[in-house]
Number of protein chains: 2
Amino acid sequence: MGLTKTEHFTEKQNAIATMAKALGHPARIAILEYLLKVDTCICGDIVNELPLAQPTISQHLKELKSAGLIKGSVEGTSICYCIDEKGLEKLQSYFATISLKLNKKNNKCC
Amino acid sequence: MGLTKTEHFTEKQNAIATMAKALGHPARIAILEYLLKVDTCICGDIVNELPLAQPTISQHLKELKSAGLIKGSVEGTSICYCIDEKGLEKLQSYFATISLKLNKKNNKCC
DNA sequence: TTATTATATTGCAATATTACGATAAATAGA
DNA sequence: TCTATTTATCGTAATATTGCAATATAATAA
C-alpha cells in the first residue's frame with residue numbers, strides 16, 4: 001500500500017507526526033542546525049554546506065517549509081530561509097510534556 | 001534513488017533523524033501516547049486500540065523499538081511493551097536545546 | 001502431545017521518498 | 001532587450017514505507 005491512514009488518528013497526532021517526519025532525515029536535521037548556527041538568515045549557501053545537489057536541497061527545504069518548521073522569503077534573486085519558531089516550539093513542548101508525564105509515573109516496567 | 005546518504009552526516013544528526021523518523025507516523029505517535037496513558041506496561045491490546053491489523057502494528061512496534069523509543073520484554077505468551085525513557089529523553093533534550101538557542105538569538109528574520 | 005493464544009515474519013501490492021540531471025522561472029544588472 | 005544568478009520544478013530511477021492476508025513461531029494450557 002504505502003498509504004498512511006491519517007484519517008484514523010487525531011489531528012494533533014497527525015500534526016506531530018508530520019513535523020517529526022520532516023525531521024526524519026539527516027539532511028533536514030543538518031539544515032535546521034545550519035539555520036540555527038548562522039546569525040543572518042540564510043539563502044542558497046546551504047547548497048555549499050551540504051553534500052547534496054541543489055535540487056535535492058530545494059526539495060528538503062520544501063518539506064521543512066510545508067511542515068511549518070522553516071520559513072522562506074524572497075530577497076532579491078535569492079531566498080532567505082529561516083527557522084519557524086512556532087513549529088519548533090510545538091514539537092519542543094510536545095516532547096517536554098511527554099517527558100514530564102514519563103517522570104511523573106516513574107515507569108517501573110520492562 | 002530512494003537511498004538516504006547517511007554517511008555524509010554526523011552520527012548525532014543521524015541518530016536524531018532516526019528517532020524523529022520513527023515518530024513520523026501517526027500510528028506510532030498513537031502507540032507512544034497509549035503506552036504513556038496506561039499505567040501497567042502494555043502487551044498486545046494496542047491492537048484493539050488502533051484501527052490497524054495486527055501485523056501492521058507489530059511492524060510499527062518493531063520500528064519504535066529499533067529506534068530505541070520503546071522496549072519489549074516477553075511476559076508469558078504475550079509481550080510487554082513500554083516506553084524507553086532514554087531514547088525519549090534524548091529527543092526531548094535535543095529539542096529543548098534547539099529551543100533555547102532559538103530564544104537566545106531572538107531571530108528577527110523573515 | 002495437541003490445542004490455544006499472542007506475536008512475529010513473509011510476501012506482495014500500492015504508494016512514497018530520495019537523489020539528481022535537465023530545464024524552467026524569477027529577479028537583477030548591463 | 002539579453003545575460004547571469006538563484007531557486008524551483010520536471011522527469012525518472014532506485015529504494016523505502018505502509019498495510020494486510022497468510023503463515024510461522026513461541027509459550028502456555030489441557
Side-chain angles (χ1 to χ4, degrees), chain A residues 1-9 13-14 17-31 34-35 40-67 70-82 110, chain B residues 1-9 13-14 17-31 34-35 40-67 70-82 110:
Chain A
M1 291 215 151
L3 197 155
T4 298
K5 294 186 150 184
T6 54
E7 69 278 12
H8 293 315
F9 304 98
Q13 286 170 338
N14 280 306
T18 298
M19 288 191 284
K21 190 176 183 180
L23 293 178
H25 191 292
R28 296 195 287 265
I29 292 287
I31 290 174
Y34 183 65
L35 284 174
T40 60
C41 281
I42 242 33
C43 329
D45 36 26
I46 303 175
V47 173
N48 297 319
E49 199 65 22
L50 298 186
L52 293 170
Q54 180 267 323
T56 307
I57 288 179
S58 183
Q59 216 172 244
H60 283 309
L61 287 169
K62 193 179 173 186
E63 274 173 75
L64 284 169
K65 194 173 165 190
S66 80
I70 66 173
K71 291 184 287 187
S73 59
V74 179
E75 194 81 38
T77 327
S78 53
I79 289 184
C80 168
Y81 277 112
C82 68
C110 298
Chain B
M1 291 218 150
L3 198 156
T4 297
K5 295 186 153 185
T6 54
E7 69 277 12
H8 292 316
F9 305 99
Q13 286 170 338
N14 280 305
T18 297
M19 289 191 283
K21 191 177 183 181
L23 292 178
H25 192 292
R28 297 195 286 265
I29 291 287
I31 289 174
Y34 182 65
L35 284 174
T40 61
C41 282
I42 242 33
C43 329
D45 36 27
I46 303 173
V47 173
N48 298 317
E49 200 63 22
L50 298 187
L52 292 170
Q54 180 268 323
T56 307
I57 287 179
S58 183
Q59 212 172 245
H60 283 310
L61 286 168
K62 191 179 173 185
E63 273 172 78
L64 284 169
K65 195 172 164 192
S66 80
I70 66 173
K71 290 183 289 184
S73 58
V74 180
E75 195 83 36
T77 326
S78 54
I79 289 184
C80 167
Y81 276 112
C82 69
C110 297

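Throughout, protein chains are lettered first and strands after them, A, B, ... in sequence-line order, and every chain is numbered starting at 1. All figures in this text were calculated on a predicted structure; none of them were measured in a lab.
With hydrogens and angles left out, the side chain of A:Gln54 and the base of D:dA8 share a donor-acceptor pair within 3.5 Å.
Taking 4.0 angstrom as the limit, A:Thr56 places a side-chain polar atom (N or O) nearer than this to OP1 or OP2 of C:dC20. Between A:Lys5 and the phosphate of D:dC20, there is a side-chain N or O to OP1/OP2 separation shorter than 4.0 Å. At C:dA8, one or more side-chain N or O atoms of B:Ser58 fall inside 4.0 Å of OP1 or OP2 (strictly under the cut-off). Side-chain nitrogen and oxygen atoms of B:Tyr81 include none within less than 4.0 Å of the OP1 or OP2 phosphate oxygen of C:dA6. Between A:Lys21 and C:dT17, a side-chain N or O to OP1/OP2 separation shorter than 4.0 Å is present. Residue B:His25 places at least one side-chain N or O closer than 4.0 Å to OP1 or OP2 of D:dG19.
For the pair A:Ile70 CD1 and D:dA8 C1', the computed distance is 14 Å after rounding to whole Å. Per the geometry, CG belonging to B:Leu61 stands 14 Å off C1' belonging to D:dG19, to the nearest Å. As rounded to whole Å, 9 Å separates atom P of C:dT9 from atom NZ of B:Lys65. B:Leu3 places its CG atom 20 Å from the P atom of C:dA16, with the value rounded to the nearest Å. Spacing between atom CD1 of A:Ile79 and atom C1' of D:dA8 amounts to 8 Å, rounded to whole angstrom units. Atom pair B:Gln59:CD and D:dT17:P shows a separation of 10 Å (rounding to whole Å applied). We find that NE2 of B:His60 is positioned 8 Å from P of D:dC20, with the value rounded to whole Å. Look at CD on A:Glu7: it is 15 Å from P on D:dT18, rounded to the nearest Å.
In terms of position along DNA chain D, the nucleotide closest to A:Lys62 lies nearer the 5' end than the nucleotide closest to the other residue of the pair A:Lys62 and A:Thr6. Place A:Thr77 and A:Ala27 on DNA chain C by their nearest nucleotides, and A:Ala27 ends up nearer the 5' end. Each of A:Met1 and A:Ala53 has a nearest nucleotide on DNA chain C; the 5'-most of these lies closest to A:Met1.
Within 4.0 Å (heavy atoms only), A:Glu75 reaches no atom of the nucleic acid at all. Looking at heavy-atom distances under 4.0 Å, B:Thr4 makes contact with sugar-phosphate atoms alone, never a base.
For the pair A:Gln59 and A:Pro55, the minimum side-chain heavy-atom distance is 4.5 Å or more.
Within the 3.5 Å criterion, the main-chain N or O of A:Asn14 finds a donor-acceptor partner in the side chain of A:Thr18.
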| said: Go through it in stages, so that I can follow the logic: the residues are A:Thr4 and A:Phe9, the test is side-chain contact (heavy atoms from CB on, under 4.5 Å), and I'd like the CA-CA distance, side-chain angles, deciding distance and then a yes or no. | reply: CA-CA 10 Å; A:Thr4 298; A:Phe9 304 98; 5.5 Å; no
| task | Show your reasoning for whether side-chain contact (heavy atoms from CB on, under 4.5 Å) applies to A:His60 and A:Ile46. | result | CA-CA 11 Å; A:His60 283 309; A:Ile46 303 175; over 6 Å; no
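Pairing each heavy atom of A:Ala17 with each of B:Pro26, the nearest pair is CB-N, 3.4 Å.
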